> 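Sharing a structure, written as structure tokens. Questions coming.
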Protein chains: 4
Amino acid sequence: MSEPPLRADARRNRARILTAAAEVFDEHGTSASTEEVARRAGVAIGTVFRHFPTKADLLAAIMKELQDLLATRAETLAAEGDPKALFTFFAQVVEHAAGARTVVHLLAADGTDVDVDRQVAGLREALDSLLTRARQTGAVRAEVRLDEVIALLTAACHGALAAGWAPDLRHRTVARLLDGLRP
Amino acid sequence: MSEPPLRADARRNRARILTAAAEVFDEHGTSASTEEVARRAGVAIGTVFRHFPTKADLLAAIMKELQDLLATRAETLAAEGDPKALFTFFAQVVEHAAGARTVVHLLAADGTDVDVDRQVAGLREALDSLLTRARQTGAVRAEVRLDEVIALLTAACHGALAAGWAPDLRHRTVARLLDGLRP
Amino acid sequence: MSEPPLRADARRNRARILTAAAEVFDEHGTSASTEEVARRAGVAIGTVFRHFPTKADLLAAIMKELQDLLATRAETLAAEGDPKALFTFFAQVVEHAAGARTVVHLLAADGTDVDVDRQVAGLREALDSLLTRARQTGAVRAEVRLDEVIALLTAACHGALAAGWAPDLRHRTVARLLDGLRP
Amino acid sequence: MSEPPLRADARRNRARILTAAAEVFDEHGTSASTEEVARRAGVAIGTVFRHFPTKADLLAAIMKELQDLLATRAETLAAEGDPKALFTFFAQVVEHAAGARTVVHLLAADGTDVDVDRQVAGLREALDSLLTRARQTGAVRAEVRLDEVIALLTAACHGALAAGWAPDLRHRTVARLLDGLRP
DNA sequence: CATGAATGAGTATTCATTCAT
DNA sequence: CATGAATGAATACTCATTCAT
């Protein structure tokens, strides 16, 4: 279970690769070549495969990172206790997605074999807290369920990304989506 | 502009290829091989490339067909004069998207070079009629704009497809989306 | 079952590839690269893979060809009715093996996944005829069984090839082997 | 010639690596990875290459060890004076080969660059003693020469290994081979 | 026009070997 | 000396596209 801690240079390379991969896949989609990732990271191709034995592993690792980031952000918001935190978070995630393909892949399976479902688990809990709080304070209608919220978020991210909504349209669209949750 | 009329067998082949391509790309995504399309259509690979000089051309043609289909359907609904026709159409499109990747590609560019924007034009008009009518009768809030409706539809289609929402979840999610448009 | 007949150029290429492959694998072992085979055959790499979708398929095809050759030769000898035909055939095969790795691979599995056993079937029958005849005429002891003959032939081929026996030694060794079969 | 004596742990590592390598190459053939050898030996890959600068060196070392083993065994048998010791030894070696690829590689070069000929020298002498004794006592025909015996042994080992003869077939085949040496 | 064989650049992955830690 | 991360050449296989039959 607990791997031995990585050597300093290895950890640095792992990080570099992840960063490069996120960039490359954001720019050219997940069909971009691993070689390009290696080039951008400034390492040899073998190094990429030493850290991530498979392209799918690399993709999964990117998603994991992103998931951790989002989950942390959601937890922070939840801790602050603002009843509208759900709306804030929702909008933030969509904003992020507008610029980064990867967010979208985190929220819904793509075509890749990466099993996202399991990875969304962490995010799910965070969203659940936000939703519960919003319901309790009446910011959201009582019958709105967690899976619907996730579905709407997924849809918005996909849309924002794939359709390339301009900022203004994006904001109005998200507003309409959130309107659907209000009492 | 005006191509010479195709020979009967050529026209039949063109149709077969389009049908086969729609199936194949729906099943395996746009990364499916052109060879597979040819196989399914029962023609040789050369024939596919004679009709569609590029894989992108083939994809574009599929979308064009789908666009025509949806536009027609929207116009029919508009002609019937039901104030809630917009909702009906919206739901229908999402249902279709749930089973067919291609709808999604019609509504938003992907990674392919296909210029969808121009293709959505026809659909745009049809949706505009539906929206106008819905606004006039008060089925939809006055400030809801056309681009928002398209954005929501795009998002829902992408979500339904990519996330593979089960029917129940799909219906509830679409309901929430439409709730956002109501007064 | 019955494939459509190949176009003339395709058949020519197929033959060229087989010849080239036999040469290359004889020279460098089965670990030689498919690219080298293509180069030697004067075709592009894709062509090799169009004819033989897998390296194993290519190897299998070579063996099949060789098997057919040997089986034919054995049948010819059997038809002539010489009681010592088994000895003649045995010696011939070993001579061939001395120069060509591939013979050896026909007679025994290697490390490759090629299922030789099934392929030897044809040869087996031919050898059986020769052995039966030899037993009937008393050229070979009654208790000698077919599998032993095959085993000895396998062994001799492997030895001749791998150890690179000089002609003189090869002949004497085969003589000793055959001595073991005589009454 | 005289290397500085190895440190205790270094000597232990060398031995471990040799044992592991013998196992691994027996199981997966010489194309097995050096990394796998390291893993099995419980050392890092660098350690393997420190002891054996090249994969070929590692293979050569294994063979050297095996050669010493067999030579010792042959000498012991020769010392005991049994006229049939040659047969016994022959059978033993083949039995060993049936389970261990490495024996085969000892007796004949393969595709590797290892120069086996020189290595067989020691074994040659031992076999010579056995053969001489057998000839003197009439257990073997007078005209049987040493190189033929070696060739037969080589052949049998290759056959037993590559063809995977079942025990029963193996015994009968060896019996036939030895029959060829008898008066 | 249709066919399907040929092309060849592109991709993920492996592995012997080197070298900084 | 041992470690194990980095290297990068090599390899099997795929696929859009071209073109001779």
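Chain letters run A, B, ... following the sequence lines, proteins first and then strands; every chain starts at 1. For clarity, every value in this text was computed on a predicted model and none was experimentally measured.
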> Does B:Glu35 come within less than 4.0 Å of B:Arg40, counting only side-chain N to carboxylate O?
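Between B:Arg40 and B:Glu35 there is no salt bridge, as every charged N stays at least 4.0 Å from the carboxylate O atoms.
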
> Okay, side chain of C:Lys64, backbone of C:Leu59: is any donor-acceptor separation there less than 3.5 Å?
no

> Pairing check on E:dC1: which nucleotide meets the Watson-Crick or G-U wobble criteria with it, both distances under 3.5 Å?
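Paired with E:dC1, as far as the under-3.5 Å criterion goes, is no nucleotide at all.
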
> How many whole angstroms separate atom CZ of C:Arg50 from atom P of F:dC15?
13 Å

> To the nearest Å, give me how far apart CZ (C:Arg16) and P (E:dA6) are.
10 Å

> To the nearest Å, give me how far apart CZ (D:Phe52) and P (F:dA2) are.
12 Å

> Does OP1 or OP2 of E:dC1 have a side-chain N or O of B:His51 closer than 4.0 Å?
no

> DNA chain F: C:Pro53 or B:Ile45, which has the more 5' nearest nucleotide?
C:Pro53

> Round to the nearest Å and state the distance from B:Ile17 atom CD1 to E:dC1 atom P.
13 Å

> Using heavy atoms to find the nearest nucleotide of DNA chain E for D:Gly46 and C:Glu35 separately, return the residue whose nucleotide is more 5′.
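By nearest-heavy-atom nucleotide position, the 5'-most residue is C:Glu35.
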
> Counting heavy atoms from C-beta on, name the nucleotide in F:dT18, F:dC13, E:dT17 closest to the side chain of B:Phe49.
F:dT18

> Would you mind classifying the nucleic acid contact of D:Ala32 as base, sugar-phosphate or nothing, using non-hydrogen atoms under 4.0 angstrom?
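It contacts sugar-phosphate atoms only.
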
> Roughly how many Å is it from CZ in A:Arg39 to C1' in F:dA6, rounded to a whole number?
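Result: 17 Å.
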
> Measure from CG on A:Asp57 to P on E:dT14 and round the result to the nearest Å.
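The answer, rounded to whole Å, is 11 Å.
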
> Of all residues at least two apart in sequence or in a different chain, which pass the salt bridge (Lys or Arg N to Asp or Glu O under 4.0 Å) check with D:Arg39?
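Scan of D:Arg39 (salt bridge (Lys or Arg N to Asp or Glu O under 4.0 Å), adjacent residues dropped) gives D:Glu36.
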
> Please determine, for the side chain of A:Lys55, which listed nucleotide (E:dT17, E:dA12, E:dG4) has the closest atom?
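The nucleotide sitting nearest to the side chain is E:dA12.
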
> Of the non-hydrogen atoms in C:Val37 and C:Ala20, which two are nearest, and what is the gap between them?
O-CB, 3.8 Å

> Phosphate oxygens OP1/OP2 of F:dC1: is one of them under 4.0 Å from a side-chain N or O of D:Asn13?
no

> Please give, in whole Å, the distance from F:dA12 C1' to C:Glu36 CD?
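The distance from CD of C:Glu36 to C1' of F:dA12 comes to 15 Å, rounded to the nearest Å.
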
> Quick one: which of F:dT3, F:dA16, F:dA2 gets closest to the side chain of B:Thr34?
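Among the listed nucleotides, the one closest to the side chain of B:Thr34 is F:dA16.
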
> Might you point out which heavy atoms bring A:Phe52 and A:Ala61 nearest each other, and give the distance in Å?
CE2-CB, 3.5 Å

> Nearest-nucleotide wise, let me know which of A:Ser33 and A:Arg12 is further upstream toward the 5' end of DNA chain E.
A:Ser33

> How many Å lie between CG on C:Asp9 and C1' on F:dT18, as a whole number?
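Taking atom C1' of F:dT18 as the reference, CG of C:Asp9 is at 14 Å.
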
